[in-house]
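Working notes, structure below.
Every chain is numbered from 1 and lettered A, B, ... according to where its sequence line falls, protein lines coming before strand lines.
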Amino acid sequence: MWSYITRRIFYSIPILIGVNFITFVLFFIVNTPDDMARVQLGTKYVTQADINSWKEQKGYNKPLFFNESVSGMEKLTDTIFYQKSAPLFQLDFGQSDSGRNINEDIQQRMWPSLALAIPSFIFALLTNIIFAVWMVMILGSKLERFALVFSVALMSISGLFYIILGQKIVAGLWNWFPVSGYIDGIESWRFVTLPIIIGVIAGLGAGVRWYRSIFLEEINKPYVNTARAKGLSENRVLFKHVLKNAMIPILTGVVVVIPTLFMGSLIMESFFSIPGLGSYTIDAINAQDFAIVRAMVFLGSVLYIIGLLLTDISYTFVDPRVKFK
Amino acid sequence: MSIVWLWTDIALWVLTLLSIFAVYKIKKSESLSRKWISIFSRPIALSSFIIFVFYIFIGLSDSIHLRDSKTSEVYSLLDFALMPVIESEEKTYSTPLNYQQFSKEYLDNGLRGFVNLKHTPDEINSQSENIQYILTTTAWSLLVAIILFIPIYWLVSSRPLFSNKPVLWTIFSIVFLLIWVINTLPEYHILGTDKAGTDVFYKAVKSIRTGMIFGLLTTLMALPPAIILGLMAGYYKGRVDDIIQYVYTTINAIPGILLIAALVLILQVYMDENAQNYASSLERSDLKLLLLCVILALTSWTGLCRLIRAETLKLSELEYVKAAKVFGVANLKILFGHLMPNVMHLVLISIVLDFSGLVLIEAILSYIGVGVDATTMSWGNMINAARLELSADPIVWWPLASSFIFMFGLVLSANLFADRVRQVFDPKEGEDA
């Protein structure tokens, strides 16, 4: 098993290099360091000398891919591409364009993000599955038809609507929770409860339909017929057999998301001013701080690849038919 | 008057021609027409399709632009229909169908009070007169709608697909709504005005085109790479498959919204630097909308590509493909003549499913600040502008509510229709065709 995991890790290296290359092309070639300097320094009254000194200060004054002026391996290493990429692979993100230490920021901001993302994920998963199972139990009835159309309606409403209205009514009018903000520690529950509830409701329509389709696919398999033929009750078939087997596609579909929870939610965090990684990214986008955006893109990709790896491993745990190859 | 062709206009009309051609093809093929009839045999699917088509017509009428030779201002056909409200800008907020401004101001006699709006029936001076006027207009419109509906009913009810209550009600509601709007629009701000005094109904209607273009063009631009690469990966296997899989895994690995944000930021920087290249702000914002669609297409083709690859892997093991190979049919012919028609159901399902998601994403992108141009009217921009108005006292709810309702109508009808399309075309669904 370890050799399998090591091999999979090696497979993911070219993907990371690809990601890094794409982001590099985006952030340094399409948008040259000169452009970045102008954005950071403001567009008026900036001389070329100012731009050059900014570039020197931030380490953007080298050639992009190939440095003619030095010898040996340094031709490749003394370039912006190498200097800005190699540290990323050690998860060293350096400084933001405004001079902050990105690693410190991430370490500080990951906790609020996780405090919101993990409960949201768990509650959403449970709610979706419970409703999906309920819909399978009443399969074919009028109520189920209605529930199905209702879930389509739920997923046709913009997520922003749930957030804006939830914030206005629950926090603004009823005063059940604070409108926005965050405090570290135990008290944080007061601030994350409302975004969690809203997140669960906003994802309910799409989620329920997704799990329902998994259950339906499972229910049409021969073993279900066998179980019914044995004379098992419908509930026993559903909970003992179908639910257990449906766990395989559910688990493997869900595992890939888990590492990316770390990145936080862009929209929720910025609406509820939770100082997590999501709002960090939004702030960086608005301030056009490319160093932070690039760091977050890279981090997100690493987490996604970890997710893929975990998916493959989890397959082998839940489904004994899958062997490591 | 001269016609101005914006890039998105051209794209949209090409698309319309393509879909007319597709309808023609479907009519000729018996198995396909049977499937489509089976889709429309569900009243809910046909009703939502009618609503969807209604939206499309509004969007299309907003996609023929004319330039006034005297003032050199550009108006679309829809703008001409909405001219009464374009020309009557108020000073500030007013609630839907009101005859007075929302906030008090100093009157001529030195007291503070509500000022009458510019765009309102002349003879109205009190709230009860206003309500009476609106009720009269509504009753009048209802009467006209019923009279107009009789010939439609007579034409349509002999067809089995249309002769059921939900469909007839949908058609009647649309007729009534149209007539009501035609009667009310010259006299009122139907959905009130926003902070700058612009008509909210006008903004919400104009946003239909933006949402439509965003959903349609993006989905369609994502198709060629998804189909071609997916077929190639599944058919050639080996090295080709490895490379294509590598490409889409890499793109998938980058968090979607961040990749979009990064691309849009770069686009913004580029367009700001080359601002002098665009003839007018309309053409600039239009180009930005088009490029935004390209960006979204670049990040969203991977899902369909993976599905097509998996399906092609299965198909290429089947006898008919093997036979074609043995007979020496060229690879290209096998790919596009034999395999492509058999993955088209996946393509169709993905078109209808992705559309509504994209309309919703537009709002979110605008909120983050990487959406359509600030001068383009879109539901996202409306929501973004209206967000803070909710905390105003007294609460300003109508711009937000209008954008949500218009968006909900489009997305819901698209979703309900998509659901039925998937049921009929997806072999896995097979519940009841």
Open item on the list: I need the minimum non-hydrogen distance between Met263(A) and Leu258(B), along with the two atoms involved.
Closed with: CE-CD1, 4.0 Å
Task: Atom NZ of Lys195(B) with >12 non-hydrogen neighbours under 6.0 angstrom - done: no
Task: Leading residue by heavy atom contact count with chain A [cutoff under 4.5 Å; candidates Val247(B), Asn252(B), Leu263(B), Ile257(B)] - done: Asn252(B)
Task: Proximity breakdown for Ile361(B) and chain A, heavy-atom pairs closer than 4.5 Å - done: neither
TODO: Mind telling me whether Phe404(B) and Phe161(A) have parallel, tilted or perpendicular rings, with 30° and 60° as the class edges?
DONE: perpendicular
Open item on the list: I'd like to verify something: which residue of Met155(A), Met296(A), Arg209(A) has the highest number of heavy-atom pairs under 4.5 Å with chain B?
Closed with: Arg209(A)
TODO: Name the region of Leu308(A), side chain, backbone, both or neither, that has any atom closer than 4.5 Å to a heavy atom of chain B.
DONE: side chain
Open item on the list: Measuring from atom CH2 of Trp379(B) to atom OG of Ser158(A), what distance do you get when rounded to the nearest 0.5 angstrom?
Closed with: 11.0 Å
Open item on the list: Please give me the minimum heavy-atom distance between Ala253(B) and Tyr304(A), naming the atom from each residue.
Closed with: CA-CD2, 3.3 Å
Open item on the list: Within this structure, what is the CD1-OG distance for the pair Ile254(B) and Ser301(A), rounded to the nearest 0.5 Å?
Closed with: 5.5 Å
- [ ] Would you indicate whether the side-chain heavy atoms of Leu360(B) and Ile157(A) approach each other to under 4.5 Å?
- [x] no
TODO: Please state whether the side chain, the backbone, both or neither of Ser356(B) comes within less than 4.5 Å of a heavy atom of chain A.
DONE: neither
TODO: Answer with side chain, backbone, both or neither: which region of Phe271(A) has an atom nearer than 4.5 Å to a non-hydrogen atom of chain B?
DONE: both
Open item on the list: How long is the straight-line distance from OH of Tyr367(B) back to CD1 of Ile267(A), given to the nearest 0.5 Å?
Closed with: 6.5 Å
Open item on the list: Within a 6.0 Å radius of atom CD1 on Ile351(B), are there more than 12 heavy atoms belonging to other residues, nucleotides or ligands?
Closed with: yes
Open item on the list: In the structure I gave you, are the side-chain heavy atoms of Val297(A) and Leu259(B) within less than 4.5 Å of one another anywhere?
Closed with: no
TODO: Kindly compute the distance separating CG (Asn286(A)) from CD1 (Ile368(B)), expressed to the nearest 0.5 Å.
DONE: 9.0 Å
Open item on the list: Using heavy-atom distances under 4.5 Å, tell me whether Leu266(A) contacts chain B through its side chain, its backbone, both, or neither.
Closed with: side chain
Open item on the list: With a 4.5 angstrom heavy-atom cut-off, is it the side chain or the backbone of Ile15(A) that approaches chain B, or both, or neither?
Closed with: both
Task: Contacting region of Ile282(A) [heavy-atom separation from chain B under 4.5 Å] - done: side chain
TODO: Step through the shown structure and confirm whether more than 12 heavy atoms of other residues, nucleotides or ligands are within 6.0 Å of OH on Tyr11(A).
DONE: no
Task: Interatomic distance, Ile251(B) atom CD1 to Ile22(A) atom CD1 [nearest 0.5 angstrom] - done: 5.5 Å
Open item on the list: Is Ser270(A) in contact with chain B via its backbone, its side chain, both, or neither, using a 4.5 Å heavy-atom distance?
Closed with: both
Task: Leu412(B) to Ala153(A) - nearest heavy-atom pair and separation - done: CD1-CA, 3.6 Å
Task: Greater than 12 external heavy atoms within 6.0 Å of Arg109(A)'s CZ - done: yes
Task: Rounded distance [0.5 Å steps], CG in Leu148(A) versus CG in Leu416(B) - done: 9.5 Å
TODO: Answer whether the closest heavy-atom distance between the side chains of Ile383(B) and Ile164(A) falls below 4.5 Å.
DONE: yes
TODO: Select one option (side chain, backbone, both, neither) describing which atoms of Val370(B) are under 4.5 Å from chain A's heavy atoms.
DONE: side chain
